[in-house]
Amino acid sequence: MSAADRTRVWLAWGFVFGAVSHVAWTLVNGDLWYYGPAPSWAPWFWYGICLIDFVVFWLLLKRPRAGIVLAMATMVTTLIVNWTQFPTFEYTFNYVLIGLTVFGVIVFALAPWLWRTSPWRISPPSSTHSGG
């Protein structure tokens with residue numbers, strides 16, 4: 001496995017972590033549709049992003065360049081909406097938004113390198129078996 005492959009796997013699991021941690025946060029706080037001081041559409045946005053996170057995960061592993069494009073689009077959208085609509089949410093310092101931003105910077109920084117070193121599609125391993 002190349003360094004680009006390992007990096008894509010790491011990033012892919014980062015998207016799963018984001019989706020799972022969001023759902024866990026809502027469960028811990030006792031309300032799956034909680035949105036606090038955010039706009040009432042916020043849960044729909046967050047759960048939509050959670051679903052897209054799983055698509056990004058799959059694409060980064062199976063269709064790397066499509067995964068890179070969707071990862072970038074997801075991070076741009078998520079960061080713009082989170083920073084403009086609820087930058088502090090209910091806390092003076094929003095640790096979740098800072099973590100999301102750090103992950104976004106990592107995705108943006110790695111994307112050009114991953115694009116150059118990743119194939120469009122992962123090919124199944126070729127069989128070295130000769131059917132004699």
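Numbering starts at 1 and runs along the sequence shown.
- Side chains of Phe15 and Phe54 form no contact here, defined as non-hydrogen atoms less than 4.5 Å apart.
- Within 6.0 Å of CH2 in Trp41 there are more than 12 heavy atoms belonging to other residues, nucleotides or ligands.
- The structure places OG1 of Thr74 at 5.5 Å from CD1 of Ile49, a figure rounded to the nearest 0.5 Å.
- Neither Val69 nor Leu61 shares a network with the other; the hydrophobic side chains, linked directly or stepwise wherever heavy atoms of I, L, V, M, F, W or Y lie under 4.5 Å apart, form separate groups for each.
- Under the 30°/60° scheme for interplanar angles, the aromatic rings of Trp46 and His22 are found to be tilted.
- Contact between Ala4 and Thr117 at its shortest, heavy atoms only, is CB-OG1, 3.1 Å.
- Around the CH2 atom of Trp13, the shell of radius 6.0 Å holds no more than 12 heavy atoms that belong to other residues, nucleotides or ligands.
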*Worked verdict on Leu60 versus Trp10 for side chain to side chain contact (heavy atoms under 4.5 Å, CB included)*: CA-CA 10 Å; Leu60 282 171; Trp10 180 84; over 6 Å; no

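- When the side chains of ILVMFWY residues are joined at heavy-atom separations under 4.5 Å, either directly or via intervening members, Leu51 and Leu70 end up in two distinct hydrophobic clusters.
- The environment of Phe17 atom CZ is sparse: at most 12 non-hydrogen atoms of other residues, nucleotides or ligands sit within 6.0 angstrom.
- Taking the six-membered ring where the residue is Trp, Trp33 and Tyr47 present perpendicular rings, their angle passing 60° and hence far from 30°.
- The OG1 atom of Thr77 sits 11.0 Å away from atom CE of Met72, with the distance rounded to the nearest 0.5 Å.
- Of all non-hydrogen atoms in Gly18 and Asp53, the two that sit nearest each other are C-OD2, 4.2 Å.
- Using bins of under 30°, 30° to 60° and over 60° for the plane-to-plane angle, the ring pair Trp25/Tyr34 lands in the tilted bin.
- For the residue pair Leu114 and Arg8, the shortest heavy atom distance occurs at CD2-CG, 3.8 Å.
- Contact of the Leu32 side chain with the Leu27 side chain is registered, since non-hydrogen atoms from C-beta on lie closer than 4.5 Å.
- Considering all non-hydrogen atoms of both residues, Pro39 and Gln85 come closest at CG-OE1, 3.7 Å.
- In this structure, Ile106 and Leu11 have side chains that are in contact, with non-hydrogen atoms separated by less than 4.5 Å.
- Ser40 and Trp44 get closest at one heavy-atom pair: O-CD1, 4.4 Å.
- Val105 and Ile98 are assigned to two separate hydrophobic clusters, defined by single-linkage of ILVMFWY side chains at heavy-atom distances under 4.5 Å.
- By the rule that hydrophobic residues join a cluster once side-chain heavy atoms approach within less than 4.5 Å of another member, Met75 and Trp115 end up as members of one cluster.
- Scanning all heavy atoms of the two residues, the minimum distance from Phe45 to Thr78 falls at CZ-CA, 4.1 Å.
- Using a 4.5 Å cut-off between side-chain heavy atoms of Ile, Leu, Val, Met, Phe, Trp and Tyr, with links allowed through other members, Trp113 and Val9 fall into different hydrophobic clusters.
- Residue Leu59 holds its CG atom at 10.5 Å from CD1 of Ile68, rounded to the nearest 0.5 Å.
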